[in-house]
**Q** 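Right, I'll just put the structure down here and ask away after.
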Amino acid sequence: MIGTVFRSEDVPAEDRFEYWRELVGRTRSSDLISAHTADYWAEYRLMELGPVTVWPSSFLPTRYRRSGKMVRRSDPEVYHLTLLLDGDLALEHAGRTDTFGPRDLHMVDGSRPYDLRPADDRDRRAVKGVGVDFPKALLPLPPHRVREWLGRGLSGREGTGALLTEFLVGLDRQAETLQPSDAPRLGTVVLDLVSAWLAQVLDAEAALPQETHQRVTAQRIQAFIRQNLHDPELTPPAIAAAHHISRSYLYRIFQQQSQGETVGAWIRGRRLENARRDLADASLRTTPIHSVAARWGFPRASEFTRAFRTAYGLSPKEYRLQALSEREQTLGRSPMD
């Protein structure tokens with residue numbers, strides 16, 4: 001597992017809001033105001049990925065206000081990026097006020113005051129999002145250009161913004177299986193994606209280092225592969241053509257960014273992982289194994305069986321029976337019920 005987790009239920013009700021205030025203050029020093037302090041609720045995962053901090057969180061509507069006095073007292077020289085996943089917020093920062101909703105991104109400069117507030121602080125529906133904090137010195141873009149977009153709500157639904165959004169959501173989803181040793185590499189990827197997204201917004205992509213271009217291209221290719229695993233024609237030539245690059249360049253950047261794994265091996269590994277997940281899913285127990293295989297790009301059942309046994313030491317049928325049996329035993333029922 002990567003990151004530390006906080007759930008308000010683990011704290012006495014009368015202490016929950018103050019504890020939440022303390023937690024937020026460790027990454028974003030600000031005043032917190034909420035209409036729900038008497039019965040507060042929040043969940044939070046803090047992932048320290050080298051110099052980058054990522055913190056997926058859900059909380060009842062709360063106002064976060066950083067004053068000029070607080071800036072003068074403590075200025076860690078960081079940018080705060082927020083991806084909103086559920087809820088509606090308004091932000092006053094850097095001389096402008098903007099609003100944003102689900103799948104919108106915005107960034108603030110921790111060296112300037114800001115006022116982030118819910119659209120309706122009396123609504124008890126939780127606000128959900130992912131925060132990203134990183135040193136300003138690590139962003140390879142001119143500060144005066146970045147200031148143009150501080151405090152603005154920007155879409156995370158297309159282009160590099162969508163790639164950044166999906167990566168941040170995936171980090172939270174996969175946190176239980178990630179290891180602390182993965183943290184520095186993941187922090188580099190997050191910073192690369194943030195840099196590429198902002199460079200696209202600012203039309204300043206030429207300012208990015210070549211290494212960042214390559215790492216972001218590798219992430220874009222991997223996202224394309226994940227979206228097309230069902231297609232048996234998903235081959236290196238097809239992937240290279242879809243991204244307007246040569247096969248040799250595809251092989252080179254992919255191996256550099258995937259710890260030496262080839263494109264073909266990475267595709268096969270993701271297909272097998274997804275097939276294994278479906279075989280262990282009780283709701284899919286009546287789906288024929290050959291249908292599961294075809295769903296993930298294995299049109300020939302014999303090829304799927306060989307690849308699955310090589311990867312996991314069991315045939316797909318044996319694995320399904322074992323996984324479902326263990327699940328039913330945990331639930332105290334017979335697997336045939």
Side-chain angles (χ1 to χ4, degrees), residues 162-163 165-167 169-179 182 185-186 189 215-331 335-337:
L163 193 62
T165 293
E166 293 309 313
F167 190 83
V169 171
L171 265 182
D172 186 27
R173 189 182 300 128
Q174 299 296 326
E176 295 294 332
T177 61
L178 295 170
Q179 300 301 314
D182 297 320
R185 177 180 59 84
L186 293 171
V189 174
R215 288 192 291 258
V216 171
T217 299
Q219 289 297 318
R220 187 174 288 114
I221 290 168
Q222 290 179 356
F224 175 83
I225 290 172
R226 283 191 289 267
Q227 293 167 2
N228 292 277
L229 288 172
H230 63 280
D231 184 359
E233 300 302 317
L234 183 68
T235 61
I239 295 167
H243 291 84
H244 310 290
I245 58 177
S246 68
R247 271 182 280 176
S248 60
Y249 185 67
L250 169 67
Y251 294 142
R252 185 167 68 254
I253 66 167
F254 200 92
Q255 287 193 282
Q256 287 173 349
Q257 306 305 324
S258 61
Q259 300 175 323
E261 194 171 18
T262 66
V263 181
W266 200 85
I267 293 172
R268 179 174 292 253
R270 303 296 82 70
R271 283 173 166 164
L272 288 170
E273 286 176 7
N274 283 284
R276 182 173 68 158
R277 182 198 63 204
D278 283 359
L279 290 172
D281 188 337
S283 68
L284 299 175
R285 68 172 68 202
T286 60
T287 302
I289 289 175
H290 67 82
S291 297
V292 172
R295 174 183 296 167
W296 295 113
F298 291 99
R300 290 180 290 278
S302 58
E303 177 190 352
F304 173 63
T305 298
R306 285 195 301 272
F308 195 94
R309 186 185 292 277
T310 298
Y312 303 116
L314 297 171
S315 71
K317 181 178 180 180
E318 291 167 340
Y319 177 81
R320 171 181 265 180
L321 287 172
Q322 176 178 294
L324 295 180
S325 177
E326 290 174 353
R327 170 183 166 80
E328 299 296 344
Q329 287 174 13
T330 300
L331 297 175
M336 298 307 293
D337 288 348

**Q** Roughly how far, to the nearest 0.5 Å, is the CD1 atom of I267 from the OG1 atom of T262?
**A**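 So the gap between those two atoms works out to 8.5 Å.
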
**Q** Check salt bridge (charged side-chain N to carboxylate O under 4.0 Å, His left out) between D281 and all other residues, then give those that pass, not counting sequence neighbours.
**A**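 Not a single residue meets the salt bridge (charged side-chain N to carboxylate O under 4.0 Å, His left out) criterion with D281.
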
**Q** Cut-off 3.5 Å, no hydrogens considered: what does the side-chain donor-acceptor table look like for residues 170-178, sequence neighbours left out?
**A**
| from | atom 1 | to | atom 2 | distance (Å) |
| --- | --- | --- | --- | --- |
| Q174 | OE1 | T177 | OG1 | 3.4 |
| E176 | OE2 | R45 | NH2 | 2.7 |
| T177 | OG1 | Q174 | O | 2.9 |

**Q** Under the side chain to side chain donor-acceptor pair (under 3.5 Å) rule, collect the residues that match up with R270, sequence neighbours excluded.
**A**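 Testing R270 for side chain to side chain donor-acceptor pair (under 3.5 Å), a comparison that skips the adjacent residues, returns E273.
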
**Q** Show me the donor-acceptor pairs, under 3.5 Å and distance only, between side chains in residues 224-237 and residues at least two apart or in other chains.
**A**
| from | atom 1 | to | atom 2 | distance (Å) |
| --- | --- | --- | --- | --- |
| N228 | ND2 | F224 | O | 2.7 |
| D231 | OD1 | E233 | N | 2.9 |
| T235 | OG1 | A238 | N | 3.4 |

**Q** May I have all residue pairs that pass salt bridge (charged side-chain N to carboxylate O under 4.0 Å, His left out) and include part of residues 241-263, sequence neighbours excluded?
**A**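 Pairs touching residues 241-263 that pass the test: none.
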
**Q** Quick check for you: to the nearest 0.5 Å, what is the distance between T217 atom OG1 and Q222 atom CD?
**A**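 Reported to 0.5 Å precision, the distance equals 11.0 Å.
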
**Q** Can you list the residues that meet the side chain to side chain donor-acceptor pair (under 3.5 Å) rule with E166, with sequence neighbours excluded?
**A**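 E166 satisfies side chain to side chain donor-acceptor pair (under 3.5 Å) with R103 once adjacent residues are dropped.
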
**Q** With sequence neighbours left out, which residue pairs that include part of residues 253-283 fulfil the ring-ring contact (aromatic ring centres under 6.0 Å, His included) condition?
**A**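 Every pair satisfying ring-ring contact (aromatic ring centres under 6.0 Å, His included) with a residue in residues 253-283: F254-W266.
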
**Q** Pairs under 3.5 angstrom only: tabulate donor-acceptor contacts from the side chains of residues 313-323 to other protein residues two or more places apart or in another chain.
**A**
| from | atom 1 | to | atom 2 | distance (Å) |
| --- | --- | --- | --- | --- |
| S315 | OG | E318 | N | 3.1 |
| S315 | OG | E318 | OE1 | 3.3 |
| E318 | OE1 | S315 | N | 2.9 |
| R320 | NH1 | R285 | O | 3.4 |
| R320 | NH1 | T287 | O | 3.0 |
| R320 | NH2 | L284 | O | 3.0 |
| R320 | NH2 | T287 | O | 2.9 |

**Q** Would V189 and Q219 count as a side-chain contact (heavy atoms from CB on, under 4.5 Å) if you check the C-alpha gap in whole Å, the side-chain angles of each, and the deciding distance to 0.1 Å?
**A** CA-CA 8 Å; V189 174; Q219 289 297 318; 3.6 Å; yes

**Q** Minimum heavy-atom separation for A218 to I253, with atom names?
**A**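 Closest approach of A218 to I253, heavy atoms only: N-CD1, 4.3 Å.
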
**Q** Is there any ring-ring contact (aromatic ring centres under 6.0 Å, His included) pair reaching into residues 278-307, and which pairs are they, with sequence neighbours excluded?
**A**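 For residues 278-307, and leaving out neighbouring residues, the ring-ring contact (aromatic ring centres under 6.0 Å, His included) pairs sorted by first residue read F298-F304, F304-F308.
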
**Q** Looking at every non-hydrogen atom in both residues, tell me the closest pair between G297 and P299 and how far apart they are.
**A**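 That would be O-CD, 3.3 Å.
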
**Q** Applying salt bridge (charged side-chain N to carboxylate O under 4.0 Å, His left out), which residue pairs with at least one partner in residues 296-307 are found, sequence neighbours left out?
**A**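 Checked against salt bridge (charged side-chain N to carboxylate O under 4.0 Å, His left out) - neighbours excluded - the pairs reaching residues 296-307 are R268-E303, R300-E303.
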
**Q** Sequence neighbours left out, what passes side chain to side chain donor-acceptor pair (under 3.5 Å) with R276? Give chain and number order.
**A**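 Checked R276 against side chain to side chain donor-acceptor pair (under 3.5 Å); zero matches.
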
**Q** Spell out, as yes or no, whether a donor-acceptor pair under 3.5 Å connects the side chain of D182 to the backbone of Q179.
**A**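 Yes, D182 side chain to Q179 backbone: donor-acceptor pair under 3.5 Å.
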
**Q** Please report the closest heavy-atom contact between L324 and A280, naming both atoms and the distance.
**A**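 Here L324 and A280 meet closest at CD2-O, 3.8 Å.
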
**Q** My understanding is that only residues two or more places apart in sequence, or in another chain, count here; which of them pass side chain to side chain donor-acceptor pair (under 3.5 Å) with R277?
**A**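 Per chain and number, R277 pairs via side chain to side chain donor-acceptor pair (under 3.5 Å) with N274.
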
**Q** Below 4.5 Å, heavy atoms only, C-beta onward: do V263 and I221 meet side chain to side chain?
**A**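 Of all side-chain heavy-atom pairs linking I221 with V263, none is under 4.5 Å.
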
